[in-house]
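The structure under discussion appears below in the form of structure tokens.
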Amino acid sequence: MKAATNWMPLVAAVALAMAGCSSGGYYDDRSEAYSQAKSAEPLILPAGSQLYETRDAMPVPKANRPYRKVDDEFTAPRPQPSVAERDYVERRSMGDARWLAVNDPPDVVWPRVVEFGERQRLSVTDRDDMARRLTTPEGVIAVSDGLGATSEVRCEQNTSALDGCLNALAGYLNARGQTAMASNLSRREASGAAAARLVGGEGDRALLIDADAEQAWAELSHLLERDFDQPEQQLLDQDAAGGDFQIAYLPLAERHTGMIDRLFSDQTPRRARLNVVPAAEGQARLTVTSVGEPALDDAGVRDLLGRLSSLLR
């Protein structure tokens with residue numbers, strides 16, 4: 001493989017060529033419809049419905065006081081997504097291992113990796129389309145199944161990550177996949193595929209994750225480091241060897257924005273331990289255990305697992 005600096009012209013050229021394909025989209029102004037909306041009776045869910053299946057994808061921000069239209073100039077607040085946005089290519093690590101998480105399935109990513117090797121004129125000594133591996137004198141590029149309908153791309157020599165190769169691959173795949181992320185999400189939603197699902201009942205709730213334990217832990221580590229950085233939800237510690245995370249979490253139903261509510265309610269985040277262990281058929285099981293007082297009750301455990309499930313989407 002060549003040095004990363006020698007790969008940059010190709011990556012830059014592809015990025016420039018693909019720049020015209022991206023679209024920032026637009027926001028449809030529905031201020032008039034918003035101001036004329038009327039309240040409706042709450043939806044009654046069927047017995048046995050799971051929390052993560054019923055969470056709002058684009059919830060309307062809560063108001064601190066009743067709505068009053070004071071004039072004709074009114075702008076509806078933009079909904080905030082509860083599902084974290086993902087880049088097309090993201091970095092992952094666990095211990096000394098480093099790889100790329102690509103938001104497309106392996107059958108889409110593998111041809112692009114092969115194309116990358118051809119354009120870089122790598123000296124490929126073996127190409128295994130079944131195993132999705134390119135072998136060169138300097139190292140191996142491999143594509144494997146990621147969490148959900150995503151892929152893991154590794155570039156290694158004797159099990160050690162090659163950072164220059166990963167950097168060049170990240171730039172190339174990003175340029176080639178600028179418009180692919182939305183279509184991948186649509187395919188997953190249409191098929192009803194979920195990377196994690198809530199299982200068990202009161203006292204035995206867990207998330208069953210469609211990935212092996214190490215893969216699930218690495219993904220959760222990335223997501224918790226990124227999203228659990230607020231007073232109401234914080235990542236306190238993590239242990240890759242034990243598959244553990246220590247967090248503090250205040251259930252959504254107990255979060256209050258008004259001053260009066262805050263004065264007369266317990267806003268102390270509950271400390272909990274998340275543990276990821278292997279499950280049957282290459283899956284992983286995530287459990288929640290309260291640590292100290294106040295403890296997470298069953299509703300709080302469901303809420304937390306629902307939040308984690310939405311992050312793993």
Side-chain angles (χ1 to χ4, degrees), residues 52 84 86-110 113 128-134 140-156 158-162 166 169-170 173 184-185 187-188 191-200 204-228 235 237-247 272-289 304-313:
Y52 72 91
R86 301 181 58 149
D87 294 329
Y88 183 68
V89 178
E90 295 183 342
R91 307 293 178 125
R92 295 290 186 270
S93 63
M94 186 174 182
D96 294 331
R98 296 180 297 280
W99 65 93
L100 304 178
V102 185
N103 199 11
D104 250 333
D107 60 350
V108 174
V109 176
W110 170 243
V113 169
D128 189 336
D129 290 317
M130 291 294 293
R132 304 188 185 97
R133 292 168 60 92
L134 286 180
V140 175
I141 303 175
V143 179
S144 59
D145 290 318
L147 190 69
T150 66
S151 302
E152 287 187 356
V153 180
R154 298 176 185 257
C155 191
E156 298 176 335
N158 298 326
T159 71
S160 297
L162 298 172
L166 288 175
L169 273 167
L173 292 173
N184 183 31
L185 179 59
R187 289 197 302 269
R188 286 153 62 185
S191 66
R197 60 184 182 278
L198 188 63
V199 296
D204 188 36
R205 299 192 189 280
L207 275 186
L208 194 61
I209 305 172
D210 289 330
D212 62 45
E214 289 190 357
Q215 189 178 57
W217 189 94
E219 189 71 17
L220 282 165
S221 174
H222 170 78
L223 295 171
L224 291 172
E225 287 177 356
R226 183 184 65 186
D227 286 21
F228 274 51
L235 174 63
D237 196 10
Q238 53 185 316
D239 175 20
D244 291 341
F245 300 95
Q246 299 290 333
I247 66 164
R273 171 178 174 259
L274 309 179
N275 183 236
V276 181
V277 297
E281 299 179 357
Q283 296 177 313
R285 185 180 180 89
L286 170 66
T287 58
V288 179
T289 305
L304 174 56
L305 290 174
R307 174 61 180 160
L308 296 174
S309 175
S310 70
L311 289 177
L312 289 166
R313 178 182 175 187

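We're numbering straight along the sequence, starting at 1.
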Once you round to the nearest 0.5 Å, how far does [atom1] of [X] lie from [atom2] of [Y]?
X: Glu90; Y: Leu223; atom1: CD; atom2: CG; result: 7.5 Å
X: Leu198; Y: Leu208; atom1: CG; atom2: CG; result: 10.0 Å
X: Met94; Y: Gln238; atom1: CE; atom2: CD; result: 9.5 Å
X: Ser309; Y: Leu304; atom1: OG; atom2: CG; result: 11.0 Å
X: Ile141; Y: Leu169; atom1: CD1; atom2: CG; result: 5.0 Å
X: Asp227; Y: Leu308; atom1: CG; atom2: CG; result: 10.0 Å

Inset, instruction - Verify the neighbour count for atom CD of Glu214: are there more than 12 heavy atoms of other residues, nucleotides or ligands below 6.0 Å? - result: no
Inset, instruction - With sequence neighbours excluded, tell me which residues meet ring-ring contact (aromatic ring centres under 6.0 Å, His included) with Trp217. - result: Phe245
Inset, instruction - Would you please test Val143 and Leu134 for side chain to side chain contact (heavy atoms under 4.5 Å, CB included) and show each step? - result: CA-CA 9 Å; Val143 179; Leu134 286 180; over 6 Å; no
Legend entry - Shortest non-hydrogen separation from Leu147 to Ala195 and the atoms involved: CG-CB, 4.0 Å
Legend entry - Non-hydrogen atoms of Pro106 and Ser144 that approach each other most closely: CG-O, 3.8 Å
Given side chains that start at C-beta, do those of [X] and [Y] come closer than 4.5 Å, heavy atoms only?
X: Val113; Y: Arg132; answer: no
X: Glu156; Y: Leu162; answer: no
X: Ile209; Y: Leu220; answer: yes
X: Leu312; Y: Glu219; answer: yes

Legend entry - Main-chain N/O of Val89 paired to Asp87 side chain as donor or acceptor, under 3.5 Å: no
Inset, instruction - Without swapping roles, check the side chain of Ser151 against the backbone of Asp104 for a donor-acceptor pair under 3.5 Å. - result: yes
Inset, instruction - Please list, chain by chain and in numerical order, all residues satisfying salt bridge (charged side-chain N to carboxylate O under 4.0 Å, His left out) with Asp129, sequence neighbours excluded. - result: Arg127
Inset, instruction - With sequence neighbours excluded, tell me which residues meet side chain to side chain contact (heavy atoms under 4.5 Å, CB included) with Gln215. - result: Glu152, Ala211, Asp212
Inset, instruction - Go through the structure and list residues passing side chain to side chain contact (heavy atoms under 4.5 Å, CB included) with Arg98, not counting sequence neighbours. - result: Ser93, Ala161, Asp163, Leu166
For residues 272-281, run the donor-acceptor check on the side chains, cut-off 3.5 Å, and write out each pair with its distance to 0.1 Å, sequence neighbours left out.
from	atom 1	to	atom 2	distance (Å)
Arg273	NE	Asp244	OD2	3.3
Arg273	NH2	Asp244	OD1	3.2
Arg273	NH2	Asp244	OD2	3.3
Asn275	ND2	Gly242	O	3.3
Asn275	ND2	Gly243	O	3.4
Asn275	ND2	Asp244	OD1	2.4

Inset, instruction - Would you kindly check if the NZ (Lys) or CZ (Arg) of Arg92 is within the cone defined by 45 degrees around the ring axis of Trp99 and under 6.0 Å from the six-membered ring centre? - result: no
Legend entry - salt bridge (charged side-chain N to carboxylate O under 4.0 Å, His left out): pairs with one or both residues in residues 141-151, sequence neighbours excluded: none
Inset, instruction - Before accepting this row, confirm whether a basic side-chain N of the pair Asp210/Arg197 lies closer than 4.0 Å to the acidic partner's carboxylate O. - result: yes
